[in-house]
Amino acid sequence: MNKTYTPNEFETAIYNKWLEKNYFSAEPNKEKKPFCIIMPPPNVTGQLHIGHALGDTIQDAIIRYKRMKGFETLWIPGTDHASIATEVKIIEVLRDEGITKEELGREGFLKRAFEWKDKYGGKIVEQIKTLGCSCDWDRLAFTMDEERSRSVKQVFINLYKKGLIFKGNRIINWCPECHTAISDAEVEYVEDPSHLWHIAYPVTDSNEKIIVATTRPETILGDTAVAVHPSDKRYKHLVGKTVDLPLTDRKIPIIADSYVEKDFGTGAVKITPAHDPNDFNVGKRHDLPLIKIMDESGILNENAGIYNGLDRDEARKQIVKDLSDRGFLVKTEDYNHNVGHCYRCHTVIEPMVSEQWFVKMDELVKPAIDAVKKRDITFIPKRFEKQYLHWMENTQDWCISRQLWWGHRIPVFYCDDCGETIATVENKAFCPKCGKPMRQDEDVLDTWFSSALWPFSTMGWPEKTPDLEYFYPTSVLVTAYDIIGFWVSRMIFSGLNYTGKKPFSDVLIHGIVRDAHGKKMSKSSGNGVDPLEVIRTVGADTLRFSLVNGIAMGGDIKYSEEKQEGYRNFMNKIWNAARFVLGNCDGAEIIPIEKVKKTLADKWILAQLNSTVVKVTKYMDKYEIGLASAELYEFVWNIFCDWYIEFSKTSLYSDDLNKRNSTISVLLYVLRETLKLLHPIIPFITAEIYNELPNKDAEDIMISPYPTAKRNFVSNVTIKKIRLITDTIRSIRNMRAELNVPQSKRTEIYIKPNDGVEDTVKAGINYIEKLASGNGVHIVDKAPQGNMNLLVTEIGEIYIPMDQLIDFEKERERLNKEMEKVDAEIERAQSLLSKESFVSKAPALLIQKEREKLQKYTDMKKLLTQKLEMLK
RNA sequence: GGAGGCAUAGCCCAGUUGGUUAGAGCGCUUGCUUGACAUGCAAGAGGUCAUAGGUUCAAGUCCUAUUGUCUCCACCA
């Protein structure tokens with residue numbers, strides 16, 4: 001093995017070997033239980049970012065664990081066409097060439113788009129590979145490939161035929177930059193400091209004025225009513241009259257509607273049905289006309305009179321000025337409110353009336369709510385269930401049409417001649433009724449429409465494929481909480497309604513990766529960590545480990561360079577532990593672990609390993625990867641390296657060949673099993689070391705059997721015994737450090753064991769000598785003569801000759817400090833035990849323990865007092 | 001406005017069904033070329049567990065309120 005840990009030298013080679021050996025591919029296999037995950041598809045032209053790295057690490061850890069556990073394990077990878085995001089990017093590229101998409105035309109544009117996708121798409125696939133993900137690449141899917149398109153069309157047509165998809169003129173969110181409708185879920189609300197303008201509308205043929213408050217004065221040109229609350233006394237007499245709409249020559253009615261809040265603003269609201277969702281509803285109730293005053297780019301149109309041609313921002317300024325000049329503007333208040341922005345380009349959304357396709361949700365939503373309520377689908381952690389249900393229960397009809405070209409074109413054909421409209425999988429050039437040419441709907445579908453089908457479209461639905469039969473429903477979906485509404489909920493209702501089965505059993509929700517200060521990572525704030533850069537410098541294993549170690553599911557993660565460095569050190573630790581073990585193997589005979597004649601330390605490490613296996617397995621089964629990895633970190637570093645490897649040196653460097661063989665056999669066994677436990681989380685380093693092992697139990701670690709708990713390794717007695725020994729060693733080291741005894745100074749050690757631990761002391765004598773800088777350890781039955789330092793420990797009294805080490809002052813200080821601690825403990829126990837209420841109500845076992853403790857500390861106090869007397 | 005999360009060492013976080021002296025890691029201090037590792041070893045300092053009440057023999061842990069903070073949903077002009 002290389003002297004230093006250099007992940008760059010082996011990670012790629014190992015991954016390629018895995019690919020070559022076909023370890024990632026899965027086939028329906030009746031002999032085994034299936035376990036399947038579908039990967040949330042990243043944007044096909046995107047770059048791997050830290051969020052993907054987190055999700056993919058979690059998924060890969062689960063997949064590798066299940067694979068080693070003997071499941072037929074399938075992880076389907078794929079990419080998403082990401083309609084708006086990609087189209088925006090391509091338009092940018094075209095702009096640099098000085099072309100618009102309109103100039104290219106639909107066909108030309110799509111040709112370019114596909115070329116672009118072929119060139120840059122798939123880069124992210126290579127990036128996912130560097131992370132070590134064990135996906136079945138033969139099944140790589142793309143949301144817009146042929147198979148997936150078939151699924152999309154089929155679903156559309158089914159829903160259309162059931163009347164669950166319809167075309168309607170409704171108010172939708174329009175992005176004037178992307179030139180398309182977007183769904184409610186795609187609108188982001190951002191607080192924006194603005195004003196509340198109070199405008200006086202003169203009541204027709206009267207001196208009265210009605211004052212309305214608005215944040216959007218420019219929409220005054222589209223007003224078709226003024227609304228007040230029906231019970232508002234201030235305005236009751238005006239209902240039914242009209243006002244003269246300022247800046248126009250129109251008269252609009254004053255209506256009463258309970259939508260109006262009496263206490264907000266002036267209690268009177270201008271109603272602009274064509275440009276506000278609430279006003280749209282009011283307009284519907286009162287049969288108000290719609291006046292659309294803006295075009296698709298947010299430029300005021302011919303309905304805006306003299307303002308025709310102004311952009312909506314300019315129009316606002318101009319209109320406020322004109323209102324003010326003509327005396328209509330009564331007051332301008334500062335006002336912060338939330339404004340909807342496009343989640344892709346962050347342009348302010350314009351609510352507009354337009355003809356779009358919608359999915360009727362009420363019917364689809366019901367089974368999706370039930371499945372979660374009945375726990376047929378479980379959210380982990382559970383609290384996200386609430387978020388999901390809330391989203392589901394409040395969902396509106398889903399606007400699925402987009403005025404874009406990059407996407408699934410709506411499979412609806414119109415005959416302009418006879419008016420026939422059909423939805424069909426096959427492209428229809430001519431009308432089946434009259435034979436005239438047909439025209440396909442121009443719009444494409446919302447990206448999420450195809451993502452919603454991902455769990456079964458990736459398996460070939462609507463065909464009844466063997467995959468679908470065997471792997472569907474999938475086992476667990478892993479994703480971040482920010483797309484529960486966008487994606488998770490839509491997959492659930494889609495799966496249940498179209499396949500009749502839930503798409504997955506568990507939904508594992510993880511958090512978002514933040515920077516060291518807890519800020520969201522983003523390109524604009526420049527605080528993003530590039531996972532590829534991290535992999536290049538410290539390796540994929542370090543990145544993976546720093547993303548998942550210690551995390552709680554659903555919680556956000558703070559990523560910092562220090563963390564990364566710490567875990568790189570951990571990899572180095574593993575590497576060196578392996579080097580130590582392998583470096584001592586030469587010429588040794590490897591004995592099967594059951595047959596090894598075990599020392600106390602051997603039994604102890606096997607018991608510790610066993611309890612680690614139990615805990616890690618329990619955690620992995622619950623998808624608690626963060627806890628599993630923390631457990632392993634502790635085991636590798638603080639148990640195996642800090643203690644067992646040190647213990648092992650006493651027999652490894654002895655002349656007894658049998659001892660040597662036994663010890664190296666235990667070392668190799670523990671190392672191998674530990675590597676396997678670690679493998680799902682840090683696949684590369686574990687595979688690299690495993691390949692060097694003389695005791696491999698499989699061709700490759702990733703297909704080796706996962707460690708199982710072994711009953712005959714369990715030994716609580718051994719664990720207790722070693723704890724006494726390590727505590728003893730620690731106490732001696734502690735004393736030496738406090739007395740400033742130099743490391744090189746070795747001393748004799750006398751131990752007067754407490755009753756019942758004589759054997760333990762005997763068994764640990766070599767360890768104590770080696771690890772506590774001893775030079776001969778003697779077991780005695782009374783305090784030895786001469787100047788001695790005293791340690792009162794659980795194992796007994798320990799005496800160390802002072803000789804040259806004497807520093808009476810320091811030793812007194814040390815003993816006094818001990819005394820303080822002991823006194824505090826005695827007082828605590830006494831006060832507890834003297835309370836009648838405690839003694840009568842607390843469990844007997846606890847009282848017993850407290851009594852024992854009191855006794856122990858009282859004994860210690862006695863000894864310490866004696867010793868202090870002597871020092872005077 | 002509604003819902004949920006979080007608040008523990010200088011920093012980042014663990015802390016099981018309430019029950020010994022509240023734990024790691026990073027950082028800090030001190031001492032170490034210990035026959036794998038200075039990306040290391042050993043020892044140490046550092047905490048009124050956000051605040052105020054309550055339940056209990058016993059509260060970091062359960063309940064209530066308050067404060068701070070983050071997220072999601074709604075979008076009242």
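Every chain is numbered from 1, with letters handed out A, B, ... down the list of sequences.
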Review item, nucleotides 23-32 of chain B N/O atoms under 3.5 Å of protein N/O:
none

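- With rounding to whole Å, Lys770(A) atom NZ is found 13 Å from A42(B) atom P.
- At a threshold of 4.0 angstrom between heavy atoms, the contacts of Val260(A) include nucleobase atoms, whether or not backbone atoms are also involved.
- Going from atom NZ of Lys386(A) over to atom C1' of G5(B) covers 12 Å, rounded to whole Å.
- Cation-pi geometry between Arg490(A) and Trp398(A) is met: the NZ or CZ atom falls under 6.0 Å from the ring centre, inside 45° of the normal.
- Look at U29(B): its Watson-Crick or wobble partner, with both distances under 3.5 angstrom, is A43(B).
- The pair Arg312(A)-Glu350(A) meets the salt-bridge criterion, since a charged nitrogen lies less than 4.0 angstrom from a carboxylate oxygen.
- Contact annotation for Glu825(A): base contact, defined as any heavy-atom pair under 4.0 Å involving a base atom.
- Contact annotation: Asn338(A) does not reach the phosphate of A74(B) (side-chain N/O to OP1 or OP2, under 4.0 Å).
- One atom, CD of Glu333(A), and another, C1' of A77(B), lie 12 Å apart when rounded to the nearest Å.
- The distance between atom CD of Glu827(A) and atom C1' of U20(B), rounded to the nearest whole Å, is 16 Å.
- Rounding to the nearest 0.5 Å gives a distance of 7.5 Å between CD1 of Ile732(A) and OG1 of Thr747(A).
- For Tyr653(A) and G35(B), the ring-to-base geometry satisfies the stacking test (centroid distance below 5.5 Å, interplanar angle below 30°).
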Find every protein N or O atom lying less than 3.5 Å from an N or O atom of nucleotides 6-15 of chain B, and list the pairs.
from   : atom 1 : to        : atom 2 : distance (Å)
C13(B) : OP1    : Lys558(A) : NZ     : 3.4

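- Taking atom CD of Gln848(A) as the reference point, atom P of U20(B) lies 16 Å away to the nearest angstrom.
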